[in-house]
Amino acid sequence: MAVYEGLRKRRSYYQLNKELPISEDAVRALIEETTELVPDAFNMKSARVAVALGEKQDELWDRIYEAFQGKVAREKIDGFKAAAGTVLYFYEENTVKALQEKFPLYADIFPVWANQANGMLQINIWSGLRELGIGANLQHYNPVIDETVRELFALPESWKLLAEMPFGGIVEERESKAKEKIEERVKFYR
């Protein structure tokens, strides 16, 4: 199955460039379809995505550098800026709150479920990009950059930033991952 192949190939690629092996329209289609297909508890559809491309991609990472006031190395930020784009992952807080009010018995767990759904979205987009020959990595500069991102993209306050995924052409292929002793992490019982 293609799902497994994408997972096998998926790695953290830090050396990216702006040369995509496919069109931006194909990337858009992958992100939109994946966002629609990934499940969410109570079908709450809490995940939100914003994608920075072109000038917005460069501006995003310049503004992230500024938000950290030099506390993150320019070289590191420029590595992310060199990518063709960045997928920004959010959950929509009002959606979660509405379900908390509707189903008070589950109120405490709805934010957890929203994060689980977002994690599924992240790995599926990441694997899907890799299947299309695109590299990516996952970053977590929130909450420091929350206001910067909200302002740059004119996003509502209710969109809560969870992660940033720079993506682009792969400059250098990564070595295969070493096989682990999976039985230390996975147990089967009869």
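Counting begins at 1 with the first residue of the sequence. Since we're looking at a predicted model, the values are computed, not measured.
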Worksheet item: Tell me, do K160 and F90 make a side-chain contact under 4.5 Å, heavy atoms counted?
Response: no
Worksheet item: Is there a path from I125 to Y14 through hydrophobic residues (I, L, V, M, F, W, Y) whose side chains come within less than 4.5 Å of each other?
Response: no
Worksheet item: Will you find, in the side chains of N137 and Q139, an N or O donor that is under 3.5 Å from an N or O acceptor?
Response: yes
Discussion item. Using a 3.5 Å distance criterion without hydrogens, assess whether the side chain of W159 forms a donor-acceptor pair with backbone atoms of A50.
Written reply: no
Item to complete: Evaluate the side-chain proximity of Y89 to L161: yes if any heavy-atom separation is below 4.5 Å, no if none is.
Response: no
Practice prompt. Please determine if R185 and E180 form a salt bridge, counting it only when a charged side-chain N lies under 4.0 Å from a carboxylate O.
Written response: yes
Worksheet item: Between atom CG of L53 and atom OG1 of T86, what is the distance when rounded to the nearest 0.5 Å?
Response: 8.5 Å
Discussion item. Closer than 3.5 angstrom, by distance alone: can the side chain of E93 be matched with the main-chain N or O of S158 as a donor-acceptor pair?
Written reply: no
Worksheet item: So F153 and L88, side chain to side chain contact (heavy atoms under 4.5 Å, CB included) or not? Walk me through it.
Response: CA-CA 11 Å; F153 298 102; L88 298 149; 3.5 Å; yes
Worksheet item: Of all heavy-atom pairs between A67 and I145, which one has the smallest distance, and what is that distance?
Response: CB-CG2, 4.2 Å
Worksheet item: Does L155 belong to the same Ile/Leu/Val/Met/Phe/Trp/Tyr cluster as M165, with side-chain heavy atoms less than 4.5 Å apart forming each link?
Response: no
Discussion item. Main chain of Y141, side chain of E164: is a donor-acceptor contact present, judged purely on distance under 3.5 Å?
Written reply: yes
Practice prompt. Check the hydrophobic clustering (I, L, V, M, F, W, Y; side-chain heavy atoms under 4.5 Å; chains of links allowed) and say if V49 and I123 are grouped together.
Written response: yes
Fill in: Candidate pair E157 and R150, rule side chain to side chain contact (heavy atoms under 4.5 Å, CB included), full reasoning
CA-CA 7 Å; E157 191 84 21; R150 189 176 298 112; 3.8 Å; yes
Item to complete: Would you confirm whether the ring centroid of F167 sits within less than 6.0 angstrom of the ring centroid of Y13?
Response: no
Worksheet entry | Contact summary for P21 and G133, nearest pair of heavy atoms | CG-O, 3.4 Å
Worksheet entry | Residues E173, R130; criterion salt bridge (charged side-chain N to carboxylate O under 4.0 Å, His left out); working and verdict | CA-CA 12 Å; E173 192 58 58; R130 187 60 189 98; 3.2 Å; yes
Practice prompt. With rounding to the nearest 0.5 Å, note down the distance linking CG in L60 to NZ in K81.
Written response: 10.5 Å
Worksheet item: Taking R11 for the side chain and R8 for the main chain, is one N or O donor matched with an acceptor at less than 3.5 Å?
Response: no
Practice prompt. Measure the CE-OG1 distance between M120 and T34 for me, rounded to the nearest 0.5 Å.
Written response: 13.0 Å
Fill in: hydrophobic_cluster_shared for V51 and I22, side chain cutoff 4.5 Å
yes
Practice prompt. Quick one: closest heavy-atom pair of E19 and N17, and the distance?
Written response: N-OD1, 2.9 Å
Worksheet item: Quick one: are L20 and I134 in side-chain contact, heavy atoms under 4.5 Å?
Response: yes
Practice prompt. Please determine if E32 and R28 form a salt bridge, counting it only when a charged side-chain N lies under 4.0 Å from a carboxylate O.
Written response: yes
Item to complete: Measure from the side-chain N and O atoms of N115 to the backbone N and O of P111, and report whether any donor-acceptor pair falls under 3.5 Å.
Response: yes
Worksheet item: How long is the gap from CG on N124 to CZ on R10, to the nearest 0.5 Å?
Response: 12.0 Å
Worksheet, complete the sentence: For A117 and V38, the nearest pair of non-hydrogen atoms, with its separation, is O-CG1, 3.8 Å
Worksheet item: Are any of the side-chain nitrogens in E59 or R63 under 4.0 Å away from the carboxylate oxygens of its partner?
Response: yes
Worksheet item: Under the side chain to side chain contact (heavy atoms under 4.5 Å, CB included) criterion, do H140 and L138 qualify, and how do the steps go?
Response: CA-CA 7 Å; H140 300 91; L138 192 63; 3.8 Å; yes
Item to complete: Following the transitive rule for hydrophobic clusters with a side-chain heavy-atom cut-off under 4.5 Å over Ile, Leu, Val, Met, Phe, Trp and Tyr, establish whether L162 and I109 coincide in one cluster.
Response: yes
Fill in: Heavy-atom neighbours of E183 CD exceed 12 at 6.0 Å
yes
Fill in: For the student: nearest non-hydrogen atoms of L16 and P166, plus distance
CD1-O, 3.7 Å
Item to complete: Could you label the plane-to-plane angle of the W61 and F80 rings as parallel, tilted or perpendicular, counting under 30° as parallel and over 60° as perpendicular?
Response: tilted
Worksheet item: Less than 4.5 Å apart, any side-chain heavy atom of I31 and any of V87?
Response: yes
Discussion item. Quick one, K97 and L99 - any side-chain contact, counting heavy atoms below 4.5 Å?
Written reply: no
Fill in: Rounded distance (nearest 0.5 Å) linking atom CZ of F110 with atom CG of D40
9.5 Å
Fill in: K187 atom NZ, neighbour heavy-atom count above 12 within 6.0 Å
yes
Discussion item. Centroid separation under 6.0 Å, is that true for the rings of W113 and Y106?
Written reply: yes
Worksheet item: Regarding R74 and the six-membered ring of Y65, is the cationic atom NZ or CZ under 6.0 Å from the ring centre and inside 45° of its axis?
Response: yes
Worksheet item: How long is the span from the CD1 atom in I64 to the CG atom in N142, to the nearest 0.5 Å?
Response: 9.5 Å
